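These values consider heavy atoms only, across backbone and side chains, with no hydrogens, waters or symmetry-generated copies. Everything numeric here is computed off the predicted structure, so don't read it as measured data.
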Amino acid sequence: MARKRSDYGTLYRGREGQWAWLAHRVTGVAVILFLFAHVVDTAVVGWGPEAYDRVTAVYHNPVVRLLELGLVAAVLYHALNGLRITVIDFWPGMTRYWRALSYATLGLFLAAMAPITWIMGRGILRLL
């Protein structure tokens with residue numbers, strides 16, 4: 001006997017909301033991991049300036065600079081998406097526009113990342 005589609009219950013198909021939720025969590029974890037690493041590398045100053053200079057010399061590596069660009073992207077997306085969530089939370093009528101707000105968040109993110117990538121990318125390329 002063939003099952004009808006309704007026999008399977010509701011199936012969440014995701015789309016913009018699912019991807020925004022996932023990206024918000026991933027960027028949040030990335031920022032927390034960076035903050036942990038930043039606290040650790042700053043604490044090295046307690047062992048003297050030579051130790052601190054050795055640790056911070058890592059930041060002149062092009063791979064680390066690329067990770068910094070990723071960090072900037074994570075912080076920027078997390079902040080913009082957080083503003084979108086705040087708007088929806090404080091003004092419940094905006095839930096009608098959640099899809100448009102998701103695309104606006106993505107558009108603002110891409111518009112802001114274009115010049116940031118250009119500026120930081122030149123420094124990364126100079127290191128190569």
Side-chain angles (χ1 to χ4, degrees):
M1 173 183 212
R3 296 184 133 201
K4 294 183 287 186
R5 186 175 206 157
S6 62
D7 290 343
Y8 293 105
T10 60
L11 180 63
Y12 179 63
R13 295 195 194 331
R15 297 186 47 113
E16 298 86 356
Q18 180 181 9
W19 291 112
W21 179 88
L22 181 64
H24 196 73
R25 275 29 178 212
V26 168
T27 57
V29 169
V31 170
I32 287 293
L33 290 175
F34 163 76
L35 288 175
F36 176 74
H38 180 62
V39 167
V40 169
D41 76 5
T42 303
V44 171
V45 79
W47 285 304
E50 298 83 18
Y52 182 73
D53 288 343
R54 276 197 312 269
V55 169
T56 57
V58 171
Y59 295 119
H60 299 293
N61 182 326
V63 173
V64 174
R65 291 282 177 97
L66 194 59
L67 290 172
E68 285 179 340
L69 179 61
L71 174 67
V72 170
V75 169
L76 182 63
Y77 179 81
H78 195 79
L80 291 172
N81 195 53
L83 288 173
R84 180 187 67 85
I85 292 167
T86 302
V87 165
I88 290 172
D89 283 349
F90 281 111
W91 294 282
M94 295 300 285
T95 55
R96 287 184 294 237
Y97 308 107
W98 69 269
R99 184 172 286 162
L101 288 170
S102 293
Y103 284 122
T105 299
L106 184 60
L108 283 171
F109 168 74
L110 293 173
M113 277 308 295
I116 292 169
T117 303
W118 173 258
I119 292 166
M120 291 182 76
R122 288 186 313 188
I124 294 168
L125 291 175
R126 266 189 248 122
L127 288 174
L128 295 173

Q: On the 0 to 90° scale, with breaks at 30° and 60°, tag the Phe109-Tyr77 ring pair as parallel, tilted or perpendicular.
A: perpendicular

Answer yes or no: is there a side-chain heavy-atom contact under 4.5 Å between [X] and [Y]?
X: Asp41; Y: Val58; answer: no
X: Glu16; Y: Leu106; answer: no
X: Met113; Y: Leu69; answer: yes
X: Leu127; Y: Asn61; answer: no
X: Thr27; Y: Val75; answer: no

Q: Can you spot which of Leu83, Asn81, Leu80 makes a side-chain contact (heavy atoms from CB on, under 4.5 Å) with Leu108?
A: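 Among Leu83, Asn81, Leu80, the one meeting side-chain contact (heavy atoms from CB on, under 4.5 Å) with Leu108 is Leu80.
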
[Y] reachable from [X] in the ILVMFWY side-chain graph, under 4.5 Å edges:
X: Val31; Y: Leu33; answer: no
X: Leu110; Y: Tyr103; answer: no
X: Phe90; Y: Val87; answer: yes
X: Val63; Y: Leu71; answer: no

Nearest 0.5 angstrom please: [X] [atom1] to [Y] [atom2], how far?
X: Arg122; Y: Thr117; atom1: CZ; atom2: OG1; value: 12.0 Å
X: Leu66; Y: Glu68; atom1: CG; atom2: CD; value: 10.0 Å
X: Ile124; Y: Ile119; atom1: CD1; atom2: CD1; value: 12.0 Å
X: Trp91; Y: Tyr97; atom1: CH2; atom2: OH; value: 14.5 Å
X: Ile85; Y: Leu101; atom1: CD1; atom2: CG; value: 11.0 Å
X: Leu67; Y: Tyr59; atom1: CG; atom2: OH; value: 10.5 Å

Q. Is atom CZ of Arg96 surrounded by more than 12 heavy atoms (other residues, nucleotides or ligands) closer than 6.0 Å?
A. no

Q: Go through the steps to decide whether Arg65 and Met120 satisfy the test side-chain contact (heavy atoms from CB on, under 4.5 Å), and finish with yes or no.
A: CA-CA 8 Å; Arg65 291 282 177 97; Met120 291 182 76; over 6 Å; no

Q.
Could you report the tightest heavy-atom contact between Ala111 and Pro115, atom names first, then the distance?
A. O-CD, 3.1 Å

Q.
Using a 4.5 Å cut-off between side-chain heavy atoms of Ile, Leu, Val, Met, Phe, Trp and Tyr, which other residues end up in the same hydrophobic cluster as Val55?
A.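 In the cluster with Val55 are Val44, Trp47.
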
